[in-house]
Amino acid sequence: PETITVQELANRMAERAVDVIRELMKMGVMSTINQVIDADTAELVVAEFGHTARRVSEADVEIGLAGIDDAQGDLAPRAPVVTVMGHVDHGKTSLLDALRSTDVVSGEAGGITQHIGAYQVTTESGAKITFVDTPGHAAFTDMRARGAKVTDLVILVVAADDGIMPQTVEAIHHAKAADVPIIVAINKCDKPEADPARVRTELLQHELVPEELGGDVMCVEVSAKARTNLGQLEETILLQAEMLDLKANPDRPAEGVVIEAKMEQGRGSVATVLVQRGTLRKGDIFVAGSEWGRVRALIDDHGGTVDAAGPAVPVEVLGLNGTPEAGDEMVVVDSDTRAREVSEYRQRKKRDVRAAAGARGTLEQMFERI
Ligand code: GDP
Ligand code: MG
């Protein structure tokens with residue numbers, strides 16, 4: 001049965017426990033901080049506070065009401081999260097590197113460029129943009145297949161000397177399936193043989209109508225190599241983001257998604273997490289997929305230690321007891337007992353799934369032999 005403690009419920013709503021106890025009292029339920037209440041009662045309380053409760057799927061039952069929606073008034077604007085996609089050799093990596101160097105905070109010198117799978121840039125105008133630079137489409141599609149919505153918009157890179165190619169089409173399909181708006185970066189415009197007009201025309205065949213041709217798809221002619229029009233590309237991203245009205249509540253326990261994770265000599269399991277709501281702090285206890293940990297250190301995309309990371313901020317998290325997978329959801333919980341419980345539950349479940357798949361495998365092999 002779905003239950004939650006008064007304390008955890010208060011945490012999830014970013015309300016004080018005493019206020020939750022008072023609310024329960026009004027409903028005729030006497031409780032203490034450690035009292036366990038059922039989901040129906042919790043939902044009533046949640047509604048009283050003006051939040052919306054979202055019952056989570058079976059796999060997340062143990063986390064209780066992790067997905068409580070934030071009250072409208074608690075939401076604050078956040079940076080857009082952008083993924084770059086496109087055909088091989090059209091300049092995805094080059095463009096990500098070039099955009100990274102536009103960060104006015106790290107400056108021309110650049111400082112240490114730490115590759116943690118995502119980075120944030122502060123533009124000329126002072127606005128922030130988060131870029132996910134996990135290579136390839138796989139990151140995007142795998143994560144999406146696992147239910148993680150990471151990206152707010154896609155930058156489709158198309159080389160102006162090559163035009164739309166098979167992986168460009170693939171990228172368009174992925175973005176459309178995910179219902180994520182596309183901005184087209186027509187790259188390599190420094191090349192003499194560049195033909196941006198042709199790229200615009202080709203886009204029409206894929207139901208992307210550029211603004212110049214009367215549609216609503218924004219295209220920017222850039223050169224990652226010559227670093228031209230990068231500022232305009234960023235302004236276009238911010239314009240598109242404004243239309244999406246991206247907001248999150250920074251004042252609640254953090255929830256986010258694992259962008260990448262690996263085991264590192266001398267550092268243990270390290271995960272890059274993109275915080276999606278709330279603020280992740282040093283000392284927080286969290287569950288990430290079927291692993292858990294306590295934040296020992298947070299490292300930003302410049303390689304520096306930070307105390308906290310808010311919505312749309314990517315950070316490297318140290319302190320995991322195991323290595324989670326890209327696309328895993330990360331949620332801060334109120335105790336290590338709870339974290340361990342959830343982690344064990346999920347590991348058991350994973351083993352069950354694997355065992356079932358294994359059994360199927362043997363059966364198939366049997367038939368093959370016959
Ligand atoms: P990716 O496979 O999409 O990540 O493409 P890369 O960023 O690795 O770029 C592929 C090749 O195109 C490299 O040799 C780059 O130097 C080159 N390239 C990328 N952007 C530009 C550009 O704007 N102009 C020119 N002339 N070459 C570029
Ligand atoms: Mg590349």
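Just so you know, ligand 1 is whichever comes first in the structure, and atom 1 is the first atom listed for that ligand. Values reported hereafter were calculated over all heavy atoms of this structure, with side chains retained and with hydrogens, waters and symmetry mates removed. Count residues from 1 along the sequence. Treat the numbers as computed from the prediction; the structure is a model and nothing was measured.
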**Q** May I ask you to identify the nearest protein heavy atom to atom 10 (C) of ligand 1, giving residue, atom name and distance to one decimal place in Å?
**A**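 Minimum-distance protein heavy atom for atom 10 (C) of ligand 1 reads Asp89 O, 3.5 Å.
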**Q** Which ligand 1 atoms are under 4.0 Å away from a heavy-atom of His87?
**A**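 Within the 4.0 Å cut-off of His87, ligand 1 contributes 3 (O).
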**Q** Is there a donor-acceptor contact under 3.5 Å linking the side chains of His115 and Asp133?
**A**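 Present: a donor and an acceptor within the cut-off.
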**Q** Below 4.0 Å, non-hydrogen atoms only: which portion of Asp190 touches ligand 1? Side chain, backbone, both or neither.
**A**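 Only the side chain of Asp190 comes within reach of ligand 1.
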**Q** Is it true that the side chains of Glu234 and Thr102 contain a donor and an acceptor less than 3.5 Å apart?
**A**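 Present: a donor and an acceptor within the cut-off.
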**Q** For atom 21 (C) of ligand 1, what's the nearest protein heavy atom and its distance?
**A** Lys188 CG, 3.6 Å
**Q** Classify the contact between Lys92 and ligand 1 as side chain, backbone, both or neither, using a heavy-atom distance cut-off of under 4.0 Å.
**A**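 Near ligand 1, Lys92 shows its backbone as well as its side chain.
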**Q** Going by a strict under-4.0 Å cutoff (protein heavy atoms only), does atom 13 (C) of ligand 1 have a neighbour on the protein?
**A** no
**Q** Taking atom 24 (N) of ligand 1 as the reference point, report whether a protein heavy atom occurs under 4.0 Å from it.
**A**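 Neighbour list for atom 24 (N) of ligand 1 includes protein heavy atoms (cut-off 4.0 Å).
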**Q** Assess whether a salt bridge exists between Glu15 and Arg252, defined as any Lys/Arg side-chain N lying under 4.0 Å from an Asp/Glu carboxylate O.
**A**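 Between Arg252 and Glu15 there is no salt bridge, as every charged N stays at least 4.0 Å from the carboxylate O atoms.
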**Q** Could you tell me whether some N/O pair between Gly91 and ligand 1 is separated by less than 3.5 angstrom?
**A** yes
**Q** So, for Leu280 and Val275, which heavy atoms are closest and what is the spacing to 0.1 Å?
**A**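 Taking Leu280 first and Val275 second, the nearest heavy atoms are CB-CG2, 4.0 Å.
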**Q** Nearest non-hydrogen atom to atom 9 (O) of ligand 1 belongs to which of Ser94, Ala185, Ala159?
**A**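 Nearest option to atom 9 (O) of ligand 1, by heavy atoms: Ser94.
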**Q** Where's the contact between Thr93 and ligand 1, heavy-atom distance under 4.0 Å: side chain, backbone, both or neither?
**A**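 For Thr93, the contact with ligand 1 is made by both the backbone and the side chain.
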**Q** Do His87 and Asp162 have side-chain atoms, one donor and one acceptor, less than 3.5 Å apart?
**A**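 No pair is found: no donor N or O on one side chain lies under 3.5 Å from an acceptor on the other.
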**Q** Only counting residues at least two apart or in another chain, list the ones meeting salt bridge (Lys or Arg N to Asp or Glu O under 4.0 Å) with Asp179.
**A** none
**Q** For Val184 versus Leu203, what's the shortest heavy-atom pair and its separation?
**A**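 The pair with the smallest heavy-atom distance is CG2-CD1, 3.9 Å.
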**Q** Under a 3.5 Å threshold, yes or no: a donor from one side chain and an acceptor from the other, between Ser94 and Asp97?
**A**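 Distance-only check fails for Ser94 and Asp97.
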**Q** So is Leu95 polar-close to ligand 1, meaning N/O to N/O under 3.5 Å?
**A**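 No; every N/O pair is 3.5 Å or more apart.
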